[in-house]
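One structure below.
Note on naming: letters A, B, ... go to the chains in the order of the sequence lines (proteins, then strands), and numbering restarts at 1 for each one. Everything quoted here is computed from the prediction, not taken from an experiment.
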Amino acid sequence: MIELENQLYLEFPSKMEYVDFVSSKVIASINSIAQEVHSQNMLDEPSPNQDITAFGFGMNLSIDEALKNAIIHGNKNLSEKKVVVSYYISKEKLEIVVRDQGPGFDHKDFQFKSDLDAESGRGLLLIKNFMDEVIFNDSGNEIKMVKYTGKRKSREDF
Amino acid sequence: MEITTRDCNDVKVVCFKGRIVYDTEDIVKKETEKLIKGTIKNLVFNFAELTYINSSGLGLLINILKQVRAAKGDVKLSNLRPELMELFKITSLNSVFDISADEDTAVAKFVKK
């Protein structure tokens with residue numbers, strides 16, 4: 001049996017037109033690796049209980065929002081500044097790290113906007129809802145988003 | 001992203017097909033600008049085939065809602081997919097937008113007024 005463990009590292013300029021492409025690619029890469037390992041293991045020793053779940057809407061959205069925050073708030077839309085996205089996937093969890101080259105922000109005192117009809121400020125709120133853990137580095141220019149595969153919610157799209 | 005419209009008495013039903021992302025926001029902006037200038041300002045956005053929206057897209061929808069209301073019209077939503085409905089709940093936007101399960105119900109809400 002092959003243990004699922006894989007990493008990816010991707011760097012791109014701070015341009016909003018790359019966000020959708022990069023987040024879709026990361027998701028596709030994660031899902032195809034998980035699928036390949038699963039198929040191989042099923043060939044070796046078929047076991048109907050080893051279910052594989054594809055990461056979908058919520059994961060795509062979380063990556064999308066993190067990349068957007070990195071470009072707009074972190075790198076202030078300066079295309080010469082880079083955004084780095086990496087992931088690590090194992091049987092137990094999926095970790096996605098997004099880092100920008102900005103000064104960071106005060107994530108400890110971050111307040112979600114209370115105005116219901118505000119036109120921005122919901123990205124982090126969405127990430128926190130879809131992920132199991134959200135961890136920032138000290139300065140706040142790096143976000144780590146963790147999803148545990150074991151205690152995945154019953155949601156089909158996750 | 002494809003947007004099609006059809007009139008249903010004094011209500012305009014606007015069907016969204018595809019994904020609202022950075023690259024398609026302009027299409028949504030352009031199409032809704034036309035609607036706001038039109039005579040029928042009671043709008044039902046049918047999201048049956050809208051498969052993806054992010055926080056920027058939600059912001060855009062709020063912006064559209066404000067513009068339509070300023071023009072004495074209103075926007076009601078219908079046919080949201082479960083994952084989209086969840087986004088509206090997480091962000092409490094289900095209390096900002098009038099959301100119906102199906103299009104007929106949303107249209108009827110305008111007629112009753």
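Of the two parts of A:E65, only the side chain, counted from C-beta on, holds a non-hydrogen atom closer than 4.5 Å to a non-hydrogen atom of chain B. Interface remark: B:L61 contributes no atoms to any contact with chain A (heavy atom separation under 4.5 Å). The part of B:S95 that comes within reach of chain A is its side chain, from C-beta onward, which places non-hydrogen atoms under 4.5 angstrom from that chain. For B:Y52, the parts sitting under 4.5 Å from any heavy atom of chain A are the backbone and the side chain alike. Proximity to chain A (any heavy atom under 4.5 Å) is restricted, for B:D23, to the side chain, taken from C-beta onward. Interface remark: A:K68 contributes side-chain atoms only to the contact with chain B (heavy atom separation under 4.5 Å).
Interface remark: of the candidates A:N60, A:L61, A:V19, A:L125, A:L61 forms the most heavy-atom pairs closer than 4.5 Å to chain B. In terms of non-hydrogen atom pairs under 4.5 Å with chain A, the most contact-rich of B:T91, B:L65, B:L84 is B:T91.
No donor-acceptor distance shorter than 3.5 angstrom exists from the side chain of A:N75 to the backbone of A:L78, with no hydrogens or angles considered.
Using the six-membered ring where Trp is involved, B:F88 and B:F97 have ring planes that are perpendicular, over 60° apart on the 30 and 60° scheme.
Summarising the geometry of B:V96 relative to B:R69, their closest heavy-atom pair is O-NH2, 3.9 Å, with the distance given to 0.1 Å.
Salt bridge annotation for B:K30-B:E33: absent, with no cationic side-chain nitrogen under 4.0 angstrom from a carboxylate oxygen. Ion pairing between a basic and an acidic side chain is recognised when a charged N comes within 4.0 Å of a carboxylate O; B:R19 and A:D20 show such pairing.
With B:V75 as the partner, the side-chain contact (heavy atoms from CB on, under 4.5 Å) test is satisfied by one option alone out of B:L35, B:T32, B:V68: B:V68.
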